Asks: 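First the structure, which I've put down as structure tokens, then a few questions once you've had a look.
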Amino acid sequence: MTITLHNTLTRKKEPFVPIDPANVRMYLCGPTVYDRAHLGNARPVLVFDVLYRLLRHTYGADHVTYVRNFTDVDDKINATALAHQQAGAPGTLEDLVAERTDETIAWYHADMDALGALRPDHEPRATEYIAQMVAMIDGLIKDGYAYENEGHVLFRVRKYSEYGALSGRSVDDMIAGARVEVAPYKEDPMDFVLWKPSSDDLPGWDSPWGRGRPGWHIECSAMAYELLGDRFDIHGGGNDLQFPHHENEIAQSKCAGHGFANVWLHNEMLQVEGKKMSKSLGNFFTVRDLLEDGVPGEVIRFVMLATHYRKPMDWTEKKREESSKTLMDWLHVLKKHGYTPKMVKQLKAEGQWSGDGELLGTLSNDLNTPGALARMHVLAKARTAEGLVPLAHALELLGLVADWSLVDLTPSQDVKMADWVPAVIDRLIEERGAARAAKNWGEADRLRDLLNSAGVQVTDIGGSATWAPGPDFDPAKLEGLT
RNA sequence: GGCGAGUUGGCGGAGUGGUGACGCAGCGGAUUGCAAAUCCGUGAACAGGGGUUCGAUUCCCCUACUCGCCUCCA
């Protein structure tokens, strides 16, 4: 199965040809670790998680290397630590920075795990690669691609003639736009910082240019080289990183003599109810906020995958509901046909665990996840256990089911409820059954309306009735009926 | 100001140079005491204007509109 990917460098969809099929290598720009990941941070993680899974499926799980970094040296982190210090937290600023980054990384792992994202093979922290960055900067200076001035080291953008190729910009146009920082230590306003001085209280490392810290872009160039080698297959991130971050990475790496990435992938941004998610608009929320509101990680993931990665994705309450319902329907179909963790294990052992070719083709076509989900609706129409294998396979491939015990949950177990709740509902169902038997329709309907008003889904099959919490389940409405 | 993406039925959202996915909602039917849930069936779209073509929603150009990035937030 040939995978095609849209390469930002060429602005075209191209067949993906790995440099070494025995070791397909990809790099994703990870988070700056100063706070909880917001929903927008989750999009590239999930897009690249699907790519990672697809590559593993295509080339073998042991033949893909995925690197995603943690930016743990950054002025935002310093500012956050400083704010903590001023609020009375004990310790030096460096201690507080370390504390903060460790804490944030732990949060990040917990949140991304909850979304079903596989851990990358390597998660390097920038602070562990300072020596490599210094060496790289040193080489750039020696070759005339960078210069030192007032304790800063800057990249000489004019020296790299290809600058702007990735983002389709020209240096002169950008200067005309005048949105560049002019600083006395820059030869040219477009030059960007490779190294900058640190004051004594800020985190810093010794270097040929004095105690300081790296600029933002150099870390990715250094870590990608260190972990993936001179040339690797795929480099990705949000399209906000296309310029300047990725442009600068390319400039540094190419001028350092590295081959760098073949294919560049950029995901579009996330919006919330049609608007950009931003703190100023007040529609800003984190992954953790959603999880705590009771939105399962699988549902968040489903909503994300329902929009192609190169289109703006709009998070809406309506999509959340529809996604939740669809996922539930599929799990119920599987459960109805006997799916359990044991059965899945057995299917795999017997070699019955195979995917749907059409779905794999769709997914291989530039990660068409909405198309794959559409195909799953068709696969879900199968009415035998073995006919449903492709659906189950797809759910696992897309990371929508990490653990097949999920299918074993009955709907009522999905919702946390106090002990008295099922007892009351069972009693009302029983009373209604009696009323129905007596053909007392008024009373029977009154009881059903009461249950419905609390969001209880009452299902009549034959003469008996079962129930399950519906989407608007609110047991508080049944309180006082004990 | 610079750069880029998009505009498909009521809504969401794929795809294709010629028989117009898929889901939700709607409508019709089965079922039901009546409903719900479920099952079966079904109508409905390619921003506007030019061009290329035997033929364009699909390719090219223009216009309009929307959105994003370039600025602390991916």
Side-chain angles (χ1 to χ4, degrees), chain A residues 6 8 11 28-32 34-35 37-45 47 71 74-76 79-80 164 166-181 236-245 247 266-271 274-281 284 286 303 305-308 310-314 316 318-319 321-323 325-326 329-330 332-333 336 358 362 365-366 368-381 383 411 435-442 444-445 448-449 451-452 456-463 465-468 470:
Chain A
H6 180 90
T8 309
R11 271 143 244 262
L28 174 66
C29 289
T32 300
Y34 69 104
D35 204 356
H38 64 245
L39 193 61
N41 296 123
R43 174 120 105 136
V45 172
V47 166
T71 299
D74 180 274
D75 289 347
K76 283 195 290 284
T80 307
L166 178 74
S167 51
R169 298 155 197 249
S170 81
V171 175
D172 293 326
D173 286 351
M174 282 184 283
I175 289 173
R179 293 233 199 178
V180 287
E181 185 195 357
N239 74 352
D240 56 323
L241 297 180
Q242 195 174 318
F243 185 89
H245 185 53
E247 199 72 72
H266 290 97
N267 63 274
E268 253 292 352
M269 298 290 99
L270 176 126
Q271 294 169 253
K275 293 205 171 93
K276 172 181 171 160
M277 179 167 86
S278 74
K279 285 173 182 167
S280 54
L281 286 174
F284 182 95
T286 65
V303 174
L305 299 190
T307 299
H308 185 83
R310 283 192 290 112
K311 287 201 174 180
M313 130 112 231
D314 192 12
T316 64
K318 193 176 172 210
K319 281 187 189 168
E321 279 171 22
E322 284 188 11
S323 298
K325 187 177 173 302
T326 303
D329 282 352
W330 290 348
H332 287 170
V333 167
K336 213 167 102 184
E358 186 173 327
T362 300
N365 178 11
D366 196 29
N368 185 355
T369 50
L373 292 172
R375 177 68 186 157
M376 287 164 78
H377 281 290
V378 177
L379 298 176
K381 290 191 203 302
R383 284 294 172 267
R436 289 178 74 204
K439 296 193 197 282
N440 183 355
W441 308 127
D445 290 350
R448 185 176 63 199
D449 290 345
L451 288 162
N452 287 347
V456 178
Q457 170 64 45
V458 179
T459 305
D460 293 326
I461 295 170
T466 58
W467 65 273

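As the structure is a computational prediction, the values presented were derived from the model and not from experiment. As a basis for the values below, the full set of heavy atoms in this structure was taken, side chains included, without hydrogen atoms, waters or symmetry mates. Residue numbering restarts at 1 for every chain, and letters A, B, ... go by the order of the sequence lines.
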Asks: Less than 4.5 Å apart, any side-chain heavy atom of A:Val333 and any of A:Lys336?
Replies: no
Asks: Atom CG of A:Leu451 to atom P of B:A37: distance rounded to whole Å?
Replies: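 From A:Leu451 CG to B:A37 P: 15 Å.
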Asks: How far, in whole Å, is B:U66 from B:G43 if one measures between their P atoms?
Replies: 35 Å
Asks: Could you work out the separation of B:A37 and B:G50 based on their P atoms and round it to a whole Å?
Replies: 47 Å
Asks: Between A:Thr326 and A:His377, is any pair of side-chain heavy atoms under 4.5 Å apart?
Replies: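 A:Thr326 reaches A:His377 side chain to side chain.
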Asks: Take the protein atom CD of A:Glu268 and the nucleotide atom C1' of B:U7, then report the distance between them rounded to whole Å.
Replies: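 These atoms are roughly 14 Å apart.
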Asks: Choosing from B:G13, B:G4, B:A14, which nucleotide comes nearest the side chain of A:Lys319?
Replies: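 Of the options given, the side chain of A:Lys319 lies nearest B:G13.
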Asks: How would you label the contact of A:Thr459 with the nucleic acid (heavy atoms, under 4.0 Å): base, sugar-phosphate, or nothing?
Replies: base
Asks: Taking the minimum atom-to-atom distance to the side chain of A:Lys311, which one of B:A36, B:A14, B:C34 wins?
Replies: B:A14
Asks: Between A:Asn368 and A:Thr362, is there a donor-acceptor pair closer than 3.5 Å when you use the side chain of the first and the backbone of the second?
Replies: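 The answer is no, because no donor-acceptor pair under 3.5 Å joins these two groups.
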Asks: What's the spacing between A:His266 NE2 and A:Cys29 SG if we round to 0.5 Å?
Replies: 8.0 Å
Asks: For A:Asn368 and for A:Val458, find the nucleotide of RNA chain B with the closest heavy atom, then tell me which residue's nucleotide is more 5'.
Replies: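 Its nucleotide being nearer the 5' end, the pick is A:Asn368.
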Asks: When the nearest nucleotide of RNA chain B is assigned to A:Asn365 and to A:Arg310 on a heavy-atom basis, which residue is associated with the more 5' position?
Replies: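 In this pair, the answer is A:Arg310.
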Asks: From CG of A:Asn452 over to P of B:A35, roughly how many Å is that when rounded to an integer?
Replies: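 After rounding, the reported distance stands at 14 Å.
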Asks: So A:Leu305 and A:Leu373, do their side chains get closer than 4.5 Å, heavy atoms only?
Replies: yes
Asks: Does A:Lys275 have a side-chain nitrogen or oxygen under 4.0 Å from the phosphate oxygens OP1 or OP2 of B:C67?
Replies: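 Looking at the OP1 and OP2 atoms of B:C67, neither is under 4.0 Å from any side-chain N or O of A:Lys275.
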Asks: In whole Å, what separates the C1' atom of B:G2 from that of B:G17?
Replies: 35 Å
Asks: For the side chain of A:Arg11, counting heavy atoms from C-beta on, which of B:A35, B:G4, B:G33 is nearest?
Replies: B:G4
Asks: Below 3.5 Å, does any donor atom in the side chain of A:Arg436 face an acceptor in the base of B:C34, or the other way round?
Replies: no
Asks: Salt bridge (charged side-chain N to carboxylate O under 4.0 Å, His left out) with A:Lys276: which residues, sequence neighbours excluded?
Replies: none
Asks: In whole angstrom, what separates A:Phe243's CZ from B:G1's P?
Replies: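 Rounded to whole Å, this separation is 19 Å.
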Asks: Take atom C1' in B:U42 and the same atom in B:A35, then report the distance between them in whole Å.
Replies: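 Pairwise C1' distance, B:U42 against B:A35, rounds to 23 Å.
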Asks: Under 3.5 Å, is there an N or O donor on one side and an acceptor on the other linking the side chain of A:Asn239 and the base of B:A5?
Replies: no
Asks: Any idea which of B:A36, B:C73, B:C67 is nearest the A:Lys76 side chain?
Replies: B:C73
Asks: Give A:Asp35 one of three labels, base, sugar-phosphate or nothing, depending on what nucleic acid heavy atoms sit under 4.0 Å from its own.
Replies: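 Here A:Asp35 touches no strand at all.
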Asks: Which heavy atom in A:Arg436 sits nearest to a heavy atom in A:Ala444, and how many Å separate them?
Replies: CG-CB, 3.7 Å
Asks: So what does A:His308 touch, heavy atoms closer than 4.0 Å: a base, only the sugar-phosphate, or nothing?
Replies: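 Sugar-phosphate: the residue A:His308, judged by heavy atoms under 4.0 Å, touches backbone atoms but no base.
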Asks: Check every strand shown and say whether A:Asp460 touches a base, only sugar-phosphate, or nothing at a heavy-atom separation below 4.0 Å.
Replies: base
Asks: Flag the pair A:Val47 / A:Met313 as yes when at least one side-chain heavy-atom distance between them is below 4.5 Å, and no otherwise.
Replies: no
Asks: Between atom CE in A:Met313 and atom P in B:A14, what is the gap in whole Å?
Replies: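 My rounded result for the distance is 11 Å.
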Asks: It should be established whether A:Thr307 places a side-chain nitrogen or oxygen under 4.0 Å from OP1 or OP2 of nucleotide B:G13.
Replies: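 The answer is yes; a side-chain N or O of A:Thr307 sits under 4.0 Å from OP1 or OP2.
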Asks: How many angstroms lie between atom CG of A:Asp366 and atom NE2 of A:His308, to the nearest 0.5 angstrom?
Replies: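 Interatomic distance, A:Asp366 CG to A:His308 NE2, rounded to 0.5 Å: 4.0 Å.
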Asks: Can you tell me, in whole Å, how much space there is between the C1' of B:U57 and that of B:G6?
Replies: 15 Å
Asks: Using a 4.0 Å heavy-atom cut-off, does A:Gln242 contact any base of the nucleic acid, only the sugar-phosphate backbone, or nothing at all?
Replies: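 Result for A:Gln242 = nothing.
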Asks: So, taking the atom named CD in A:Gln242 and the one named CG in A:Leu166, what distance separates them when rounded to the nearest 0.5 Å?
Replies: 5.0 Å
Asks: Got a second to check how far A:Gln271's CD is from A:Thr316's OG1, nearest 0.5 Å?
Replies: 11.0 Å
Asks: Nearest whole Å is fine: how far is B:G33 P from A:Asp445 CG?
Replies: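 The distance from CG of A:Asp445 to P of B:G33 comes to 12 Å, rounded to the nearest Å.
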Asks: Heavy atoms from C-beta onward define the side chain here; which of B:C73, B:C69, B:G4 lies closest to that of A:Phe284?
Replies: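 Out of B:C73, B:C69, B:G4, the nucleotide with an atom closest to A:Phe284's side chain is B:C73.
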Asks: Using atom P of each nucleotide, how far apart are B:A36 and B:C27 to the nearest Å?
Replies: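 Going atom to atom, P in each nucleotide, I get 11 Å.
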Asks: Summarise how protein sits on nucleotides 19-25 of chain B as a single string, 5' to 3': B when a protein heavy atom is under 4.0 Å from the base, S for sugar-phosphate-only contact, - for no contact.
Replies: --BSSS-
Asks: Just the rounded figure in Å: distance from P of B:C73 to CE of A:Met269.
Replies: 12 Å
Asks: State the dot-bracket string of RNA chain B. Criteria: Watson-Crick or G-U wobble, both atom distances under 3.5 angstrom; notation: ( ) intrastrand, [ ] crossing earlier pairs, | interstrand, . unpaired.
Replies: (((((((..(((.....[...))).(((((.......)))))....(((((..]....))))))))))))....
Asks: Please give the distance between the P atoms of B:U38 and B:G20 as a whole number of Å.
Replies: 29 Å
Asks: Side chains of A:Thr307 and A:Arg43, heavy atoms from C-beta outward: is any pair under 4.5 Å?
Replies: yes
Asks: May I ask you to verify whether the side chain of A:Asn440 and the base of B:G33 hold a donor-acceptor pair under 3.5 Å?
Replies: no
Asks: Within the structure shown, what part of the strands sits under 4.0 Å from A:Ala37 by heavy-atom distance: base, sugar-phosphate, or nothing?
Replies: nothing
Asks: Whole-Å distance between B:G4 C1' and A:Leu241 CG?
Replies: 15 Å
Asks: Take atom P in B:G13 and the same atom in B:C3, then report the distance between them in whole Å.
Replies: 28 Å
